[in-house]
Amino acid sequence: MKALCVATAVTMAMAWSTPLLAASEPPPGVASCSGCHSSNAAAGSPVTRLYGRDANEIVTAMTGFRDGSIPATVMNRIAKGFSDDEVRAIAAWLAAQK
Amino acid sequence: MGISHRISRREFFGASAAAATALTFPLPAFAQAAARVVVIGGGFGGASCARALKQIDPKLQVTLVEPNKTFTACPFSNNVIAGLRSIEQQQFGYDKIAAGGATVVAQAATGVDGAARTVTLADGTSLGYDRLVLSPGVDLRYDALQGYDEAAASKMPHAWKAGEQTLLLRKQLEAMEDGGLVVISAPANPFRCPPGPYERACLIAHYLKTKKPRSKLIILDAKDTFSKQRLFQNAWKEFYPGMVEWVSLSQGGKVNAVDPATNTLITDFGNHTAQVANVIPPQRAGRIATSAGATDNTGWCAIDPVTFESKSAPNIHVIGDACLAGAMPKSAFSANAQAKVCAAAIATLLSGGTPASPKLINTCYSLAAPGYGISVAGVYQPKNGVLADVEGAGGVSPADVPREFRAREADYAQSWFTTITAEVFG
């Protein structure tokens, strides 16, 4: 029981010491996207806005850019730097943004 | 907030050993008061980082130290030199960063005491920090080319920090007679904006072709290769035949000295006397980085590729042009990407966590002519202690594509500038 208490306390301390961050922690790579893809809907850029976009659409686009089946100027070069798992994590995070 | 948590947990666990364990678990600044992060430098790196820190954790006390009330952006400033754009289109303020909760201090930082964790300001006051971010950009090395000091720069502009210098170079080009010689001196690596001198050559050549077609432009280079080289060289042939000449290092292009009195650039192979001389000198990290103990013998700042923490100065992070970011070039895009990764890492560190290994992207557009854009891109991740290229990703625009492709990249260049300046300052 005492051991359980210690474990619980440590777990709680860890959870407490990283408030909110863990749940919404952006996956590797996603911070760079807003260099070109505006996070602000009002920006009026011709470059596709990704925040709030359907995750499957983002995965399909990135996969198509990577294998060359969707033509692109620069996204083909960038998509090749990300694995399927990374793309899925990035897409899920972007889809969850407002 | 920390106190009330502590009491409720004491009540929950009573006086058991478990409670003691929980209380001694690392709970830094967070448990006492909001952690303090000071960011020095309000360019694409520092302004992005200050803003991102407040977005990630609104409780952080974030202070942005930047003496200028207006930021003048370097990307697209070659268009200002060529008369294609006004300097006002390059300028941004810090109101939105302040509105986001960061305190903006309009002073120069004059020193850093890493042991006391304080930053000294020009007025003699100081700021304490738990974590410090340095984003000071570059200092031009006025000790590198004989004869090229700050006074010489008012005769032979570098125009490598946007603002007065940009306008000076533009005025000199406007005042030059048709048939004049323009010389650009480009430094060895590493330096701010690797494709910049060559884009500048293109856009100045565009101005000359349009307004002063008998003129010539020579690039004296301290390198044998440069960014987007084939694409630029193709564009010189296509758009500015007979007008642009590139002299590489091995052809004698390295400028060793200048004479501002006669506007002469001196190499081992001879002298070039120009009507307009644009001397882009070697560079180093902004000097506050040296005060902080964050520079190495190259004059740049070695960093941990996960957190951007200095390898020599604990609790001090360096982002943007001042840091040695491995394969990442010194660009505004890189600085912005690094700023966001660094902000997340700092928030994680301050809350006792371990930052995850990041991935970063860079994309740099250049204009070889109005409506003709080319790009280089890369994806980076920590490998063997530095940020390395992710193999198989990145590269430059293809060599043989329809003109429509170049036009789209020119449009994307413009929309990148609009987006990134809105993300950082808007």
Side-chain angles (χ1 to χ4, degrees), chain A residues 1-22 24-51 65-66 71-83 86-87 89-90 97, chain B residues 5 9 13 16-19 21-23 25-28 30-31 52 56-57 333 336-337 339-341 343-344 347-348 351-353 356-363 365 373 375-381 389-390 392-397 405 408-409 411-412 415-416 418-420 422-423 426:
Chain A
M1 176 62 196
K2 190 175 171 186
L4 183 64
C5 261
V6 172
T8 308
V10 170
T11 306
M12 283 185 67
M14 288 178 77
W16 180 35
S17 67
T18 53
L20 302 174
L21 289 174
S24 59
E25 186 114 12
V30 78
S32 292
C33 301
S34 59
C36 288
H37 299 267
S38 180
S39 64
N40 177 359
S45 166
V47 178
T48 310
R49 190 166 177 266
L50 299 175
Y51 278 25
F65 291 140
R66 197 172 57 197
T73 53
V74 71
M75 277 311 300
N76 48 353
R77 291 175 257 160
I78 291 169
K80 289 189 180 85
F82 294 89
S83 68
E86 288 171 331
V87 166
I90 286 169
Q97 307 307 304
Chain B
H5 265 87
R9 268 204 279 187
F13 290 110
S16 75
T21 305
L23 288 169
F25 205 83
L27 295 170
F30 226 67
I56 293 165
D57 186 350
F333 195 113
N336 173 258
K340 290 180 278 194
V341 167
T348 302
S351 59
S357 186
K359 269 196 168 176
L360 296 99
I361 300 170
N362 175 62
T363 305
Y365 290 100
S375 64
V376 62
V379 183
Y380 311 91
Q381 65 189 2
D389 276 304
V390 174
V396 298
S397 309
F405 190 102
R408 275 167 64 206
E409 291 224 286
D411 285 347
Y412 288 147
S415 66
W416 166 76
T418 305
T419 295
I420 201 151
E423 290 287 315

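All values below come from the heavy atoms of this structure, side chains included, with hydrogens, waters and symmetry mates left out. Proteins come first, then strands; the chains are lettered A, B, ... in the order of their sequence lines, and each starts at number 1.
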Below 4.5 Å, heavy-atom pairs only: which of B:A337, B:G395, B:G426 has the largest tally toward chain A?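 Looking at each of B:A337, B:G395, B:G426 in turn, B:G395 comes out on top.
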
Specify which of B:P358, B:A52, B:G394 makes the most heavy-atom pairs with chain A at under 4.5 Å.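 Most heavy-atom pairs under 4.5 Å with chain A: B:G394.
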
Residue list, side chain to side chain donor-acceptor pair (under 3.5 Å) with A:S32, at least two apart or on another chain: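 A:S32: no side chain to side chain donor-acceptor pair (under 3.5 Å) contacts found.
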
Partners meeting side chain to side chain donor-acceptor pair (under 3.5 Å) with B:S375 (sequence neighbours left out):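 With neighbours one apart ignored, the set is A:R77, B:S397, B:E409.
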
Can you find a pair of side-chain heavy atoms, one from A:C36 and one from B:T419, that are under 4.5 Å apart?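 A side-chain contact under 4.5 Å is absent here.
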
Beyond-backbone contact of B:Q381 with A:P28, side-chain heavy atoms, under 4.5 angstrom: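 Not touching, per the 4.5 Å side-chain cut-off.
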
Would a distance-only check, ignoring hydrogens and angles, find a side-chain to backbone donor-acceptor pair under 3.5 Å from B:K359 to A:G81?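 Confirmed, B:K359 side chain pairs with A:G81 backbone.
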
If only atom types and distance count, is the side chain of B:E423 paired as donor or acceptor with the main-chain N or O of A:S39 below 3.5 Å?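 Pair found, side chain donor or acceptor close to backbone of A:S39.
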
Option from B:N362, B:V390, B:V379 for which side chain to side chain contact (heavy atoms under 4.5 Å, CB included) with A:I78 holds: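 Going through the options one by one, the only one that passes is B:V379.
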
Could you go through the side-chain contact (heavy atoms from CB on, under 4.5 Å) check for A:T73 and B:Y412 one step at a time? CA-CA 9 Å; A:T73 53; B:Y412 288 147; 3.4 Å; yes

Name the region of B:A356, side chain, backbone, both or neither, that has any atom closer than 4.5 Å to a heavy atom of chain A.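 Neither part; nothing is under 4.5 Å.
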
Minimum heavy-atom distance between A:G29 and B:I361, given as atom pair plus value: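 A:G29 and B:I361 have their closest heavy atoms at O-CD1, 4.3 Å.
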
